[in-house]
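Each remark here refers to the structure printed beneath this line.
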Amino acid sequence: AQKITQTQPGMFVQEKEAVTLDCTYDTSDPSYGLFWYKQPSSGEMIFLIYQGSYDQQNATEGRYSLNFQKARKSANLVISASQLGDSAMYFCAMRGTLDTGRRALTFGSGTRLQVQP
Amino acid sequence: DVKVTQSSRYLVKRTGEKVFLECVQDMDHENMFWYRQDPGLGLRLIYFSYDVKMKEKGDIPEGYSVSREKKERFSLILESASTNQTSMYLCASIEGRHNTGELFFGEGSRLTVL
């Protein structure tokens, strides 16, 4: 079974500062993908970034980067230069080889980020 | 852009009522999903479908059923709603070909069962 752990229920960050949201995972799959989603208070889930387990470089998308440490089974999301609009719930998720048929994602419990002016 | 539309943003139902949550996607995606989201638990998979009339149980299917009569539409059914089914329900879809693809989500349906 796969498991995603997000140990920070809530975090605060000052506007314009960087913040790291933690995510660790547990899987026996040889190949897997890691995802981060943002959920604003309006409720929609917004895809942010993807990292494949065999990707040589850490993924980046604008102000978002994924600090992938395979040996430690961690996939932390780094948001640079935080903005007020970054205040939201953030979910880490994964899809393993065994999920290929299902194509579903397994999600963590989420981290609520609040950006303060 | 992919659009996943859930028919109701907010519903209030009574215990024992039959509840239908509808989801429609406009990108001809093969796979569709229903998740429920609860504080501290994240999103948990209820059911998914990989083709018309095909469905499989997810991790928490008890108390739910689904229907997929057309490719674009995936319905979640609560045969007899109970208070422990008060939750946010999220529908998602994905095309079938690429394993790296992300799920596309609807805006969610917040159900309260009294």
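What you are looking at is a predicted structure, and each value in this text was computed from that prediction instead of being measured. Within every chain, numbering begins at 1; the chains are lettered A, B, ... in the order of the sequence lines, protein sequences first and strands thereafter.
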How long is the span from the CG atom in Leu105(A) to the OH atom in Tyr35(B), to the nearest 0.5 Å? 5.0 Å

Can you get from Leu21(A) to Met94(A) by hopping between Ile, Leu, Val, Met, Phe, Trp and Tyr side chains that sit under 4.5 Å apart? yes

Do other residues, nucleotides or ligands put more than 12 heavy atoms under 6.0 Å from the NZ atom of Lys70(A)? yes

Below 4.5 Å from any heavy atom of chain A, which atoms of Arg110(B) appear? Answer side chain, backbone, both or neither. neither

Tightest non-hydrogen contact, residues Leu45(B) and Ala104(A), listed as CD2-CB, 3.6 Å

Which residue is it: Phe47(A), Tyr50(A), Trp36(A)? I am looking for the one with a side chain to side chain contact (heavy atoms under 4.5 Å, CB included) to Glu102(B). Phe47(A)

Report, as yes or no, whether the 6.0 Å neighbourhood of atom CZ on Arg63(A) holds more than 12 heavy atoms from other residues, nucleotides or ligands. yes

Could you pull out the closest heavy-atom pair between Gly42(B) and Phe91(A), with the gap in Å? CA-CE2, 3.8 Å

Any heavy-atom pair between the side chains of Met45(A) and Leu103(B) that's under 4.5 Å? no

Given the rule that I, L, V, M, F, W and Y join up when any side-chain heavy atoms are under 4.5 Å apart, are Met11(A) and Ile79(A) in one cluster? yes

Contact summary for Gly40(B) and Ser109(A), nearest pair of heavy atoms: O-CB, 3.4 Å

Just checking Arg112(A): does its CZ atom have more than 12 heavy atoms from other residues, nucleotides or ligands closer to it than 6.0 angstrom? no

Please tell me whether Tyr32(A) and Leu77(A) are part of a single hydrophobic cluster in this structure, the criterion being side-chain heavy atoms less than 4.5 Å apart. yes

Which region of Gln37(B), side chain (C-beta onward) or backbone (N, CA, C, O), has a non-hydrogen atom less than 4.5 Å from a non-hydrogen atom of chain A, or is it both or neither? side chain

Before you tell me yes or no, could you show the steps for Gln39(A) and Leu43(B) under side-chain contact (heavy atoms from CB on, under 4.5 Å), namely the whole-Å CA-CA distance, both residues' side-chain angles and the distance that decides it to 0.1 Å? CA-CA 12 Å; Gln39(A) 186 183 45; Leu43(B) 280 73; 5.7 Å; no

Would you say that more than 12 heavy atoms from the other residues, nucleotides or ligands in this model lie under 6.0 Å from the NZ of Lys3(A), or not? no

